[in-house]
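Below is one structure, written out as structure tokens; the observations come after it.
This structure is a prediction, so every number in the text was calculated from the model and none was measured. Quick note: residue numbers are just sequence positions, from 1.
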Amino acid sequence: MAVALAVRQADFAGLARHGLFGGLAFREYLSRTESQLRALCGQGVEVHLRVLDPADYEDYCEALGFDPGGAAARVAYAADPELAGEPFVYAGERLAGLLPALADDHRARVRITIACTALLDALGEGPAGQPRMVAVMTYVTSVFLAVAEGAGEGRHLLTLRCHGPEDGEELTAAADVRVRGGRLLDAGRDTEALCVTLAAGVAAGGAGALLLHGDPAAPGGQEVRGWALEGGRMRPMSAQEVFDSLADDVGRGLPFPPGAVPLPGFALPGPGQPGPVPPGAAPGDGAGPGGVREDGGEPLG
């Protein structure tokens, strides 16, 4: 069973004007919904949750001719097959603790949808797009794994912003990278969103910046390394470029990481290279700094 939930009080108030909640207050709505979900879960019913986003829901109803106050609209919206990624499965949790995770999952889904649209636009339609898609995703996967391997033990944060070469829409994403005992732990849908977003920038031959933020409580300060996306390729930034990128983020309203120590990025595998390149290792054959081909190869997209 698929169920769409209002996760914020402001969203609840906006949707209530359609008569969706029968005059309930937000707390009463959450309490009643939690009881119903637990009952379904106790009966062995697998429940898939999604966010009942007011603007998206109203657009959905208008596009398909649904009455936004009708039960049919909520059922259809909750079960919409266009929802990106695997379902968010309810397992009997208290909603008070679950709603923030559901909201984060929703934001990641939105980023995936936007990035997938940009990726497909960059690759074009037809049979030629398939091998290009494989090449782009193989390259992006190798980049992500190399960055994760070079991050070392602990919990780190990857942030990305990129855009197309000709006034393209700026795309952003962020994901935790957790390494324990030398093994990369599953980071969830945020990682998927970051990789698809990077793939869109690569395929478009775009520009951008990928920053790896270390543990802010680490002795000596928080290490921040970076890589520039240029012409659909990743190259290590210098320490000064990392600092400039952090300063640029401040201009966008983000705080400068306290105690940040900008460091150069390490080498990453180039297109066609099979595996990660550890920090300090030389790029593989046919590649210059950061795995950028010295023969002027065309962008993957």
Side-chain angles (χ1 to χ4, degrees), residues 1-121 169 171-175 186-197 200:
M1 178 177 292
V3 178
L5 298 178
V7 300
R8 298 187 309 161
Q9 189 162 0
D11 293 345
F12 179 85
L15 291 160
R17 63 188 180 86
H18 297 297
L20 289 178
F21 309 116
L24 292 175
F26 185 52
R27 289 183 179 273
E28 294 173 316
Y29 161 75
L30 291 181
S31 177
R32 181 174 298 186
T33 300
E34 182 177 298
S35 297
Q36 293 170 341
L37 291 174
R38 287 190 164 185
L40 289 169
C41 194
Q43 296 169 13
V45 178
E46 183 171 284
V47 181
H48 298 171
L49 301 181
R50 75 171 298 183
V51 170
L52 187 58
D53 180 89
D56 187 49
Y57 176 70
E58 289 168 359
D59 289 345
Y60 179 85
C61 291
E62 182 178 357
L64 297 181
F66 281 118
D67 172 12
R74 288 184 64 184
V75 170
Y77 182 80
D80 184 1
E82 296 299 317
L83 189 63
E86 294 298 315
F88 190 103
V89 179
Y90 178 73
E93 302 96 332
R94 295 291 303 272
L95 284 187
L98 185 66
L99 291 185
L102 181 59
D104 288 344
D105 180 83
H106 175 71
R107 283 189 288 270
R109 289 176 186 270
V110 171
R111 289 192 178 98
I112 291 170
T113 299
I114 293 171
C116 278
T117 299
L119 174 59
L120 294 175
D121 286 346
E169 177 184 8
L171 303 176
T172 62
D186 181 19
R189 214 182 307 272
D190 279 339
T191 297
E192 181 183 351
L194 186 138
C195 288
V196 175
T197 302

**Report entry** Where Gly69 and Leu20 come nearest, the two heavy atoms and their spacing
**Finding:** CA-CD2, 3.9 Å
Requested in this report: Measure across Ala78 and Ala4 and return the closest heavy-atom pair with its distance rounded to 0.1 Å.
Outcome: CB-N, 3.6 Å
Requested in this report: Evaluate the side-chain proximity of Val89 to His48: yes if any heavy-atom separation is below 4.5 Å, no if none is.
Outcome: yes
Query raised in the report: Quick one: does Asp11's side chain get under 4.5 Å of Leu52's, heavy atoms only?
Result: no
Query raised in the report: Which residue pairs pass the salt bridge (Lys or Arg N to Asp or Glu O under 4.0 Å) test when at least one of the two sits in residues 21-33, sequence neighbours left out?
Result: none
**Report entry** Results of salt bridge (charged side-chain N to carboxylate O under 4.0 Å, His left out) for Asp105 - residues two or more places apart only
**Finding:** Arg109, Arg189
Between side-chain atoms of residues 33-40 and protein atoms elsewhere (two or more places apart, or another chain), which donor-acceptor pairs fall under 3.5 Å?
from	atom 1	to	atom 2	distance (Å)
Thr33	OG1	Tyr29	O	2.7
Glu34	OE1	Arg94	NE	3.4
Glu34	OE1	Leu95	N	2.9
Glu34	OE2	Arg94	NE	2.9
Ser35	OG	Ser31	O	3.2
Arg38	NE	Gly92	O	3.3
Arg38	NH2	Gly92	O	3.4

Query raised in the report: Does any pair with a residue in residues 51-78 pass side chain to side chain donor-acceptor pair (under 3.5 Å), and if so which ones, sequence neighbours excluded?
Result: Arg17-Glu58, His18-Glu58, Asp56-Tyr77
Query - Closest heavy-atom pair and its distance - Ala6, Phe21 - result: CB-CZ, 4.3 Å
Report summary line: For Ala200 and Leu171, the nearest pair of non-hydrogen atoms, with its separation, is CB-CD1, 3.9 Å
Report summary line: Note: Ala73 and Cys61 closest approach over all heavy atoms is CB-SG, 3.8 Å
Query raised in the report: What pairs with Asp104 under side chain to side chain donor-acceptor pair (under 3.5 Å), at least two apart in sequence or on another chain?
Result: Arg107
Query raised in the report: When rounded to the nearest 0.5 angstrom, what is the spacing between CZ in Arg111 and CG in Leu194?
Result: 9.5 Å
Query raised in the report: How long is the gap from CD1 on Ile112 to CG on Asp190, to the nearest 0.5 Å?
Result: 8.5 Å
Report task. Using a 4.5 Å cut-off on heavy atoms from C-beta on, say whether the side chain of Val51 contacts that of Leu102. Result -> yes
Query - Spacing of Leu30 atom CG and Leu24 atom CG [to the nearest 0.5 Å] - result: 10.0 Å
**Report entry** Any side-chain heavy-atom pair of Val7 and His106 under 4.5 Å
**Finding:** no
**Report entry** Which residues share a ring-ring contact (aromatic ring centres under 6.0 Å, His included) with Tyr90, sequence neighbours left out
**Finding:** none
